[in-house]
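Written below as structure tokens is the structure these notes are about.
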Number of protein chains: 2
Amino acid sequence: MPNKIPHIVIGRLPLYLRVLNRLHKEGKVYASSQELGKLLDISAAQIRKDLSHFGELGKRGTGYQIEFLIDELGKILNTDTIWKMAVVGAGDVGHALANYNGFVNRGFEVAAIFDCDPDKVGNQIGDLTIKDCSEMQAVVDQENIKIAVIATPAEAAQQVAEDLISTGVKAILNYAPIFLKVADDVHVEHIDPAVHLQKLSYYLE
Amino acid sequence: MPNKIPHIVIGRLPLYLRVLNRLHKEGKVYASSQELGKLLDISAAQIRKDLSHFGELGKRGTGYQIEFLIDELGKILNTDTIWKMAVVGAGDVGHALANYNGFVNRGFEVAAIFDCDPDKVGNQIGDLTIKDCSEMQAVVDQENIKIAVIATPAEAAQQVAEDLISTGVKAILNYAPIFLKVADDVHVEHIDPAVHLQKLSYYLE
DNA sequence: TAGATTGTTAATCGATTAACAATC
DNA sequence: TAGATTGTTAATCGATTAACAATC
């Protein structure tokens, strides 16, 4: 299963999961590829093709059993347990992440938040106390953290990434508007709202 | 120029712009497709191909003049002027967006922030006063707003999108973890950190 | 059984890359 | 001029779609 699945297919699985969770909450039991496709603007054929990479998850004639498929996708994506995450940078984005309640039922939890600014260290965000960057190694070890989120200014991000990686972090979600250079065994995703806005503005006027 | 360019090409232009701005700030004058590719993990051939959609922007033998290319990409993406944006939802994400200083030199500005919760209306975020949702139409008209950001809970997002569109908004950046259904002439981009995290966790362990 | 929908194959479509003539 | 790098074509590669037999 961790074999030859195209990255683009993996990228769609979280979308399937999101819509399935919604349908489940609405009390639905089965969903066909056609229904899911309508809700996601994705062709039914593509959804079937994507899911077929992981076995026969549906039933001919009736479609996909929602609860079952949610479980399977959770296992495939490794979100059937909770990943503890570190957030670096206790600015507005760091605050938003620390307070976000949408992580826990999707497989994630902010376990620690760091900042290098001594004025911020010690302050409270919800249940979390902002820790100094120097404590990163100890906390990552203690909490067994594999995923980190970078929410620092662009100038600090590359160094923070390297520090995180040297503590053993293997995956980074980067909010800083800069491309991170990392070794091949570290996975990075980028979020940059201005990039999305620039895509949008191309199509305006 | 607003013709047949593939969406996937448009999606890379903001990345080119971002790295070019960095090089410009560092004082560089020219950059080759190979250099840019190294900084972005994109092949040099692809960068040349992408840029060639918009004319002959480089010079054989020397590469691309950074300042010139920044200007050209700004014109292509319509970010050579400032777009005024509305943010709906004055929670943590709304705050982070209103305070973000990375928009203005990339073509955007948060001109207004709305919330439907009367307890929040009237509060201040930086220079902005949180306005009631009922004022949306008036503000969108007055400020000539075409782009909005949705930063509400998932349950409210679809309705907010429809309200925004009825005021004349043509592009939406959606932070709510739900797929928005909109007419074909409205453009939507989605940002959902949990989706990115789930992609990352697939590759872990 | 009849109707519905999957899983899968083959065909199509589109995107990336390699290669090189053009040219700065 | 010699060296470098673009713009562009053709070849390759990969992803999407259409279609349908299998089967619930």
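On a predicted model such as this, the values are computed, not experimentally measured, just so you know. Convention: sequence-line order gives letters A, B, ...; per-chain numbering from 1.
- Relative to the side chain of Ser32(B), the nucleotides dA15(D), dA18(C), dT6(D) differ in distance, and dT6(D) lies closest.
- As a whole-Å value, the separation of Phe54(B) CZ from dG7(D) P is 13 Å.
- In this structure, Phe108(B) has its ring center at least 6.0 angstrom away from the ring center of His196(A).
- In this structure, Glu35(B) does not pair ionically with Lys38(B), as no charged nitrogen and carboxylate oxygen lie closer than 4.0 Å.
- Side chains of Gln159(B) and Asp163(B): a donor-acceptor N/O pair is present below 3.5 angstrom, by distance only.
- Panel note: side chain Asn78(A), backbone Leu204(B); a donor-acceptor pair is recorded below 3.5 Å.
- Listed by residue number, the members of residues 19-28 of chain A with any heavy atom below 4.0 angstrom from DNA chain C form an empty set.
- Rounded to whole Å, atom P of dT8(D) lies 7 Å from atom CZ of Arg60(B).
- Side-chain polar atoms of Gln46(A) and Asp50(A) form no donor-acceptor pair below 3.5 angstrom.
- Heavy-atom nearest nucleotides on DNA chain C were determined for Lys49(A) and for Lys59(A), and the one closer to the 5' end corresponds to Lys59(A).
- Distance, Leu36(B) CG to dG7(D) C1': 15 Å, rounded to whole Å.
- Between the P atom of dA11(C) and the CD atom of Gln46(A) lies a distance of 20 Å, rounded to the nearest Å.
- Straight-line distance from the OH atom of Tyr30(A) to the C1' atom of dC24(D): 10 Å, rounded to whole Å.
- For Glu67(B), the CD atom counts as loosely surrounded, since its 6.0 Å shell holds 12 or fewer non-hydrogen atoms of other residues, nucleotides or ligands.
- OP1 or OP2 of dT6(C) lies within a sub-4.0 Å distance of a side-chain N or O belonging to Arg48(A).
- The shortest distance between the side-chain N/O atoms of Ser33(A) and the OP1/OP2 oxygens of dT6(C) is below 4.0 Å.
- Here dG7(C) presents its P atom at 6 Å from CD of Glu56(A), a figure rounded to the nearest Å.
- Rounded to whole Å, the distance from CG on Leu57(A) to P on dC24(D) is 15 Å.
- What separates CG of Asp50(B) from P of dT8(D) is a distance of 13 Å, to the nearest Å.
- Going from atom CE of Met85(A) over to atom CD1 of Ile113(A) covers 10.5 Å, rounded to the nearest 0.5 Å.
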Annotated structure of DNA chain D as dot-bracket, pair cut-off 3.5 Å, Watson-Crick or G-U only, | for inter-strand, is ..||||||||||||||||||||||

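- Checking the phosphate oxygens (OP1, OP2) of dA4(D), no side-chain nitrogen or oxygen of Tyr64(B) falls inside 4.0 Å.
- Judged purely by atom type and a 3.5 angstrom limit, Gln198(B) uses its side chain to pair as donor or acceptor with the backbone of Arg106(A).
- For the atom pair CG of Leu200(B) and CG of Leu77(A), the computed distance is 11.0 Å after rounding to the nearest 0.5 Å.
- Side-chain nitrogen and oxygen atoms of Ser43(B) include none within less than 4.0 Å of the OP1 or OP2 phosphate oxygen of dT16(C).
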